[in-house]
Amino acid sequence: MESNDLYLVYHGLFVPKITHSEDSLKYFETFEVKDDDLFVISYPKSGTTWMQEIIPLLLNGGDFTPVQTIPNWDRVPWLEETRAALVMDKLRSPRALVSHMPYHLMPSTFFSSKAKAIYIGRNPKDILVSSFHFHRMASFLDDPGTLEEFADKFLTGQVLFGKWADHVKSWRNPDLGDRIFYITYEELVQDLRGAIGRILCFLGRQLSADALDRVTEHCQFKNMKQNTMSNYSLVPQVIMDSNKSPFLRKGISGDWKNHFSPEMEAKFNAAIHEEMKETGINFTWDEE
Ligand code: PPS
């Protein structure tokens with residue numbers, strides 16, 4: 001497998017060496033998916049951490065113990081990362097897992113199983129901004145340069161997990177039928193309680209109105225920011241320096257408007273339009 005100082009190149013996709021190894025990727029490929037497994041799928045910076053908070057609460061009837069005692073990366077592990085093999089035995093069924101992988105690279109047992117998936121999408125302009133600040137604070141990622149330079153890399157897929165558009169398109173596979181549920185970061189921002197209600201419905205689960213209120217409150221940005229099991233404050237500062245930019249940074253939609261010049265916006269829109277035209281995939285943010 002090709003690599004440089006910071007990244008492995010896995011099927012053409014950059015993955016950070018600090019969290020991925022040839023062994024972890026082999027583990028991912030040969031993983032035995034169970035029918036009751038639940039995958040949260042995201043392109044990086046689309047709301048993964050948010051889902052790692054929400055999903056366990058929905059699967060265990062609103063019990064706060066796991067989200068208050070287990071770091072998010074062990075609570076709902078990334079299947080492709082090195083922690084997965086270490087914590088898998090500790091997960092109770094139904095197991096909740098996250099992955100940044102595109103559809104076609106999923107383990108073969110995922111395709112033959114009945115495991116469900118939730119795909120969380122986000123406006124790529126906000127993903128770019130979030131990722132830019134993440135690259136500034138994380139010593140295991142390359143220097144992003146200027147936002148304009150980073151945008152060029154993002155649009156050509158020279159970033160973690162490749163092109164955003166390729167990821168989104170790959171997961172719109174009709175073979176998945178009703179095994180997959182699509183939701184966006186923007187829907188969660190706009191009406192978290194309503195979005196959680198729809199996720200519950202997809203999972204065939206219920207919570208009392210009181211429990212739903214408590215879960216919703218717990219998963220608000222300001223509260224997750226205080227949760228040491230979810231705000232990455234357990235990671236040493238030399239690896240993630242929250243003085244440069246906190247991991248839970250702003251938690252809003254539309255922050256790109258504070259960062260993009262009109263020229264950059266035009267270039268970005270044209271590139272994404274070119275990628276997404278003729279796909280029939282529309283997002284609410286396309287109107288912005
Ligand atoms: S990663 O590195 O791929 O796991 O990152 P990911 O968790 O997908 O994305 C990080 C962004 O999600 C925001 N976030 C939230 N926003 C609103 N409410 C809640 N509760 C929440 N939890 C995480 C986080 O702040 C990052 O977005 P930005 O725009 O940088 O603030």
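First listed ligand is number 1; within each ligand, the first listed atom is number 1.
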Ligand 1 contact by [X], heavy-atom criterion under 4.0 angstrom:
X: Lys225; result: no
X: His100; result: yes
X: Ser46; result: yes
X: His133; result: no

Give the single entry among [options] that approaches [atom] most closely by any heavy atom.
atom: atom 23 (C) of ligand 1; options: Asp126, Leu248, Thr48, Val129; value: Leu248
atom: atom 28 (P) of ligand 1; options: Cys219, Ser253, Ser131, Ser130; value: Ser130
atom: atom 13 (C) of ligand 1; options: Phe132, Trp50, Tyr185; value: Tyr185

Can you name the closest pair of heavy atoms from Ala84 and Leu79 and give their distance?
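Distance-wise, the nearest heavy atoms are CB-O, 3.6 Å.
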Phe111 and Tyr103 aromatic ring geometry - parallel, tilted or perpendicular at 30°/60° bounds:
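The rings of Tyr103 and Phe111 stand perpendicular, inter-plane angle above 60°.
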Arg122 contact mode with ligand 1 (heavy-atom cut-off under 4.0 Å)
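Just the side chain.
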Select one of side chain, backbone, both or neither to describe which atoms of Arg249 lie under 4.0 Å from any atom of ligand 1, heavy atoms only.
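For Arg249, the contact with ligand 1 is made by both the backbone and the side chain.
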Check against salt bridge (charged side-chain N to carboxylate O under 4.0 Å, His left out), Asp5 and Lys17:
CA-CA 8 Å; Asp5 287 355; Lys17 274 187 179 170; 5.8 Å; no
Can you list, pair by pair, the side-chain donor-acceptor contacts under 3.5 Å of residues 160-168, counting residues two or more places apart and other chains?
residue: Lys163; atom: NZ; partner: Glu275; partner atom: OE2; Å: 2.6
residue: His167; atom: ND1; partner: Tyr119; partner atom: OH; Å: 2.8
residue: His167; atom: NE2; partner: His100; partner atom: O; Å: 2.8
residue: His167; atom: NE2; partner: Met101; partner atom: O; Å: 3.4

Write out the residue and atom name of the closest protein heavy atom to atom 7 (O) of ligand 1, then the distance separating them to 0.1 Å.
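Among all protein heavy atoms, the one nearest atom 7 (O) of ligand 1 is Thr49 OG1, 2.4 Å.
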So that I know where these two stand, are Phe110 and Phe28 an aromatic pair - ring centroids less than 6.0 Å apart?
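Not under 6.0 Å, so no.
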